[in-house]
Amino acid sequence: MMFSLAELDAALVRVHAAFAGTPQYAWPLLAARTGAAVWVKHENHTPTGSFKVRGGLVHMEQLAAGGGEHVGVVSATRGNHGQSLAYAGARFGIPVTIVVPVGNSTEKNAAMRALGARLIEHGDDFDAARIEAMRLAEAEGLVFAPSFHRDLVLGVATWALELFRAVPALDAVYVPIGLGSGVCGAIMARDLLGVATEIIGVQSAGAPTYARSLAAGRPVSLETATTRADGIAVRIPDPAAFEMIRAGVSRIVTVTDDEIAAAIRAYWQDTHNLAEGAGAAPLAALMQEAGVMAGKRVGLPLCGGNIDLALFRDWVCGTT
């Protein structure tokens, strides 16, 4: 086990020192749409609009406690991980450098800069940006903050801890998979609490690196990650995350960008909450599996709401 229930409870206290957790609501229109009793965990209501801030707070507090406040941190992101580090870095006095791919979300870039991060654009995708961040760490003497790390999983797992304690006897929770901290946090929280909830992973059909890895029985990298859902546009799996996912999920559902766009529209119509692509992917998977999940109690983390207006207009509304 990466950590104990006592450590997870302590992490929850640390997260709640920054914000008071997020709500979970049962939305009747989503129930009517899917045939399931749907509980949405509103991680789009965190201070950065994403669940990632939980991991950033725990990771950066640990670094500060070890004297790392005088050492800068560098990482790569498509946006939400970078915002979490920038938010926590400002809270604990740690300078943060973030590398993003060229053409990254304009609004996520602006949010990271507003939170105090030094932003560098490099490469065609997340994995190219990650390689550059690792190079900068060595060249500038910075601490590299990976997107998958024990402290990040520990912090992120607090969303699932809140959900499982607030809503007992969930039959299943659908969790989007980027590099893996969110789904591994859900697996850890479930196992530590001893509940029987099925964890179902969700990936883009254009970036199914963990789905292919499960099928092959080993980590499988992709040549490209082709999806507009940037939070799950990952082509190189993390080996440690793969082992946890292989042991802890019942299956991985892949969803198309059209299905994700339909789920974003459904969230807006049924709950008046705006989801980004990765945030809507769990609902897209439930809508795809509605026949199988009818009558069951299902949890969905709306893990982020940070979608650019231009993308929302083009992808979801079909207008300019």
Side-chain angles (χ1 to χ4, degrees), residues 48-156 178-182 184 207 209 219 221-225 230-242 278 304 306 308:
T48 64
S50 163
F51 76 107
K52 290 280 190 178
V53 71
R54 296 172 180 269
L57 285 165
V58 170
H59 188 52
M60 297 294 265
E61 185 176 356
Q62 286 289 97
L63 185 60
E69 67 271 18
H70 301 301
V71 180
V73 166
V74 62
S75 191
T77 188
R78 291 302 303 262
N80 289 336
H81 174 59
Q83 287 183 68
S84 79
L85 293 179
Y87 176 88
R91 183 175 176 86
F92 297 110
I94 301 175
V96 173
T97 297
I98 298 296
V99 184
V100 300
V102 175
N104 194 55
S105 161
T106 301
E107 291 168 25
K108 287 180 179 178
N109 286 356
M112 286 182 279
R113 289 192 177 101
L115 288 165
R118 175 176 66 138
L119 196 77
I120 296 171
E121 296 183 80
H122 179 90
D124 294 330
D125 59 18
F126 164 75
D127 292 291
R130 178 170 57 173
I131 292 169
E132 175 63 11
M134 294 172 71
R135 187 196 69 79
L136 280 174
E138 183 173 353
E140 300 185 5
L142 304 174
V143 174
F144 177 70
S147 297
F148 188 85
H149 183 279
R150 176 191 179 277
D151 292 343
L152 297 176
V153 177
L154 175 60
V156 163
L179 204 56
S181 64
C184 289
T209 179
S221 297
L222 308 175
E223 291 297 321
T224 60
D230 56 5
I232 52 176
V234 174
R235 59 182 176 85
I236 301 176
D238 182 274
F242 167 70
N306 299 323
D308 279 7

Asn109 vs Met112, side chain to side chain contact (heavy atoms under 4.5 Å, CB included): CA-CA, chis, key distance, verdict | CA-CA 5 Å; Asn109 286 356; Met112 286 182 279; 3.7 Å; yes

Decide yes or no for Val58 and Leu152: does some side-chain heavy atom of the first lie under 4.5 Å from some side-chain heavy atom of the second?
-> no

Going through the distances and angles, do Gln83 and Val53 end up as a side chain to side chain contact (heavy atoms under 4.5 Å, CB included)?
-> CA-CA 7 Å; Gln83 287 183 68; Val53 71; over 6 Å; no

Would one find more than 12 heavy atoms of other residues, nucleotides or ligands at under 6.0 Å from atom CD of Glu138?
-> no

Heavy atoms, side chains only, cut-off 4.5 Å: are Leu136 and Ile120 in contact?
-> yes

Can you tell if the side chain of Ser221 reaches within under 4.5 Å of the side chain of Pro237, non-hydrogen atoms only?
-> yes

Sub-4.5 Å side-chain heavy-atom contact between Asn306 and Glu107 = no

Nearest heavy-atom neighbours spanning Phe126 and Pro101 = N-CG, 4.1 Å

Quick note, salt bridge (charged side-chain N to carboxylate O under 4.0 Å, His left out) partners involving residues 73-99, not counting sequence neighbours, are none

Determine whether Leu85 and Met60 make a side-chain contact, defined as any pair of heavy atoms from C-beta on separated by less than 4.5 Å.
-> yes

Given the rule in the side chain to side chain contact (heavy atoms under 4.5 Å, CB included) test, do Ile236 and Thr209 qualify, once you have shown the distances and angles that lead to the verdict?
-> CA-CA 7 Å; Ile236 301 176; Thr209 179; over 6 Å; no

Exactly one candidate in Leu179, Asp125, Val234 meets side chain to side chain contact (heavy atoms under 4.5 Å, CB included) with Arg130; the answer is Leu179

Ring pair (Phe, Tyr, Trp, His ring centres under 6.0 Å) partners for His149, two or more places apart | His59

Please determine which of Ser75, Ser50, Ser181 meets the side chain to side chain contact (heavy atoms under 4.5 Å, CB included) test together with His81.
-> Ser75

Measure the spacing between OG1 of Thr48 and CZ of Arg54 and express it to the nearest 0.5 Å.
-> 10.0 Å

Report yes if the side chains of Leu57 and Tyr87 come closer than 4.5 Å at any heavy-atom pair, otherwise no.
-> yes

Pairs of donor and acceptor atoms involving the side chains of residues 92-99, under 3.5 Å and at least two apart or interchain, shall be tabulated with distances.
from: Thr97; atom 1: OG1; to: Arg118; atom 2: NE; distance (Å): 3.0
from: Thr97; atom 1: OG1; to: Arg118; atom 2: NH2; distance (Å): 3.0

Report the C-alpha separation of Ser105 and Asp230 in whole Å, then their side-chain angles, then the decisive distance to 0.1 Å, and conclude whether the side chain to side chain contact (heavy atoms under 4.5 Å, CB included) test is met.
-> CA-CA 8 Å; Ser105 161; Asp230 56 5; 4.0 Å; yes

